[in-house]
Undergrad: 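Could you have a look at this structure, given as structure tokens, before my questions?
Each ligand, and each atom within it, is numbered from 1 in the order the structure gives.
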Amino acid sequence: MEQAAINIVAQLQKAGFEAYFAGGSVRDMLMERTPGDYDIATSAKPDEIEDVLEKTIPIGKAFGVILAEHHGHHFEVATFRSDSSTSDGRRPDAILFTSAKEDAVRRDFTINGLFYDPIAKKVYDYVDGQHDIQHKLIRFIGEPHERIKEDHLRLLRGIRFKNEFGFDYHPKTEAAIRELAHLVDSLSAERVLSELTKMLLSSRRSHAVKELDDFGLLERILPEITAGKGVNQPAQYHQEGDVFTHLLKSLHDLPNDWANEALVWAILLHDIGKPRTFEQKTDRIHFDGHAEEGARMAQKIADRLKMPKVLRNKMVWLIHQHMSIGTIKEMRQAHRILLFSHPWFEDLMRLHYCDEHGSLPIDLTLYNDVMAEYHQFKDEKLLTELVPLLNGNDLMTAFHLKEGPQFKEILDEVKMLQIEGALTTKQEALDFVANLIKS
Ligand code: ATP
Ligand code: MG
């Protein structure tokens, strides 16, 4: 990918324009990290970019951004620009095509304001970005309050980069984020979601969430989580502290190579149902039904943040099921096999692992037992070969049933009987369901 990006820069330079790698990729290269993408900044205007490069898509031509394709890779090629300040703290109202230096100073943090010429192998640093990378500092370019007011997303971006890289804040940057935390309220759901998800996918995810809380941002974005503060838990299972502490510790103890979007969100939210289901009984504190309540609340959070359906469905399922591992040994074996064959089962076990790890004392006995049985079934190829005798369509056509919770119960029962060998043909399954409905 890097070579393809260099080729694009070379083509633009050959045509007489300035062209550099810009922003995150330069930062990553100087930090000896592999860049996720290469953005290119150039003095060429959008029409000129289109003339010079072979394959282009005008994705944001009005803002000077052209997407270029080269050897199967895509790159954003953007004309040097300065954004005129915004009226609503979201997006620039208007832009001006300018010089490299002015393009550097419109960027958010000094570490993101660097250019690199991969042909001349030269860094262009108009903002002291190299100094701040060396000293591990997150510092706004220019006056922090102004920069946050221009685009409120920078509150979250600052926290993300600081924690992702294990940097410190420049004192003025930190103070401004603290003072202007309330501006997060005006951000669109999509931008908040995307930034939070990136934070949760980065390795220092729990530090980032902790800091969102310290800055007063978390209670504005996800008050369901801060509601866990001061909510006590039964001491014999949860010496780590209150519900909030448990959520953060669970997130902290996730092995990094397990992370995926739905799982990290599920870990963060898995116990948000606890404050509402808290009950001090004679023996100890109980949270009966907290997984179901938590799943309902997570569904609302998903709607509020406009989560894509695929993310929402899996996250909500994981939260809803997270207590089921606790009773897995009492399940009938066919039920267990059914759960083992679920496409999200492995992530459910990962959530269970983090839940256990987030608790003190840590007890992984059940986790290890269940995984051993799961692998045994998997090795014996018992999990993948089941072709269901009936599906939803069969129920609708044969019995005029409507989709609903009952639907899944019937299909699951048929599957379990199939696993147990009690049903072997479609006709037997249909007869079984006919009888079930009659009774
Ligand atoms: P990563 O891709 O690892 O999240 P990045 O720095 O590449 O980090 P992008 O969102 O891809 O971040 O943006 C590319 C560059 O555009 C940034 O490095 C920064 O220079 C600039 N930029 C992005 N978003 C903003 C913003 N909200 N305000 C100012 N500059 C921004
Ligand atoms: Mg990037």
Side-chain angles (χ1 to χ4, degrees), residues 1-2 5 20-42 59-60 63-67 73-86 88-93 95 98 100-116 123-130 132-133 137-167 173 176-177 180 183-184 186-188 190-205 208 261:
M1 176 163 65
E2 190 187 354
Y20 311 118
F21 291 170
S25 62
V26 184
R27 174 201 67 214
D28 290 345
M29 280 166 19
L30 292 174
M31 289 174 62
E32 287 168 18
R33 299 166 67 104
T34 311
D37 50 23
Y38 292 83
D39 295 330
I40 293 159
T42 176
I59 47 165
F63 293 98
V65 185
I66 303 285
L67 194 71
H73 299 291
H74 290 85
F75 305 96
E76 281 187 17
V77 182
T79 309
F80 296 141
R81 67 175 195 260
S82 64
D83 304 327
S84 72
S85 83
T86 58
D88 62 354
R90 293 182 193 192
R91 302 268 178 173
D93 310 314
I95 55 145
T98 53
K101 186 173 176 186
E102 285 186 79
D103 187 70
V105 300
R106 74 164 173 92
R107 295 168 185 269
D108 46 9
F109 301 100
T110 56
I111 61 167
N112 290 345
L114 294 157
F115 297 114
Y116 178 67
V123 175
Y124 290 85
D125 184 357
Y126 301 105
V127 295
D128 276 345
Q130 294 172 104
D132 288 348
I133 287 176
L137 269 185
I138 299 293
R139 183 204 309 249
F140 271 110
I141 298 171
E143 207 291 307
H145 290 78
E146 274 171 38
R147 302 313 312 279
I148 293 172
K149 285 179 189 162
E150 277 169 19
D151 181 355
H152 306 163
L153 193 72
R154 292 170 188 163
L155 293 163
L156 298 178
R157 283 175 62 86
I159 296 174
R160 171 160 71 89
F161 290 122
K162 187 262 188 186
N163 286 287
E164 199 168 328
F165 303 144
F167 279 21
T173 290
I177 295 178
L180 297 178
L183 294 179
V184 80
S186 65
L187 284 171
S188 71
E190 291 86 347
R191 296 186 85 200
V192 172
L193 173 68
S194 143
E195 208 52 50
L196 287 181
T197 301
K198 284 183 192 168
M199 258 184 223
L200 290 174
L201 287 176
S202 76
S203 63
R204 269 176 283 256
R205 52 187 68 82
E261 284 192 20

Undergrad: Return the residue, atom name and 0.1 Å-rounded distance of the protein heavy atom closest to atom 23 (C) of ligand 1.
TA: Arg157 NH2, 3.2 Å

Undergrad: Pull out every atom of ligand 1 sitting under 4.0 Å from any heavy atom of Phe161, numbered as shown with elements.
TA: 6 (O), 8 (O)

Undergrad: Can you tell me how far apart CZ (Arg160) and CZ (Arg157) are? Round to the nearest 0.5 Å.
TA: 5.5 Å

Undergrad: Would Lys149 and Glu146 pass as an ion pair if we require N to O under 4.0 Å?
TA: no

Undergrad: Taking distance alone, with no angle check, do Asp28 and ligand 1 share an N/O pair under 3.5 Å?
TA: no

Undergrad: Which option out of Arg27, Lys198, Arg160, Arg147 puts a heavy atom nearest to atom 4 (O) of ligand 1?
TA: Arg160

Undergrad: Report, in ascending order of atom number, the atoms of ligand 1 lying under 4.0 Å from any heavy atom of Asp39.
TA: 14 (C)

Undergrad: Check this for me - ligand 1, Asn112, N or O atoms closer than 3.5 angstrom, yes or no?
TA: yes

Undergrad: Identify the closest protein heavy atom to atom 28 (N) of ligand 1: which residue and atom is it, and at what distance?
TA: Arg154 NE, 2.8 Å

Undergrad: Report the member of Thr110, Ile141, Asp108 with the shortest heavy-atom distance to atom 19 (C) of ligand 1.
TA: Asp108

Undergrad: Does the side chain of Asp132 come under 3.5 Å of the side chain of Thr110 through a donor N or O and an acceptor N or O?
TA: yes

Undergrad: Can you sort out which atoms of ligand 1 are near Gly23, meaning under 4.0 Å from one of its heavy atoms?
TA: 18 (O)

Undergrad: What protein heavy atom is closest to atom 15 (C) of ligand 1, reported as residue, atom name and distance in Å?
TA: Arg107 NH1, 3.7 Å

Undergrad: Which heavy atom in Leu180 sits nearest to a heavy atom in Leu155, and how many Å separate them?
TA: O-CD1, 3.7 Å

Undergrad: Under the side-chain contact (heavy atoms from CB on, under 4.5 Å) rule, what do Val65 and Val77 come out as? Steps first, then yes or no, please.
TA: CA-CA 6 Å; Val65 185; Val77 182; over 6 Å; no

Undergrad: Give the atoms of ligand 1, by number and element, whose distance to some non-hydrogen atom of Asp151 is under 4.0 Å.
TA: 26 (C), 27 (N)

Undergrad: For Glu164, is there an ion pair with Arg204 - N to carboxylate O distance below 4.0 angstrom?
TA: no

Undergrad: Should the pair Asp103-Arg81 be classified as a salt bridge under the 4.0 Å nitrogen-to-oxygen rule?
TA: no

Undergrad: Identify the closest protein heavy atom to atom 7 (O) of ligand 1: which residue and atom is it, and at what distance?
TA: Gly24 CA, 3.5 Å

Undergrad: For residues Arg27 and Asn112, is any side-chain donor paired with an opposing acceptor at under 3.5 Å?
TA: yes

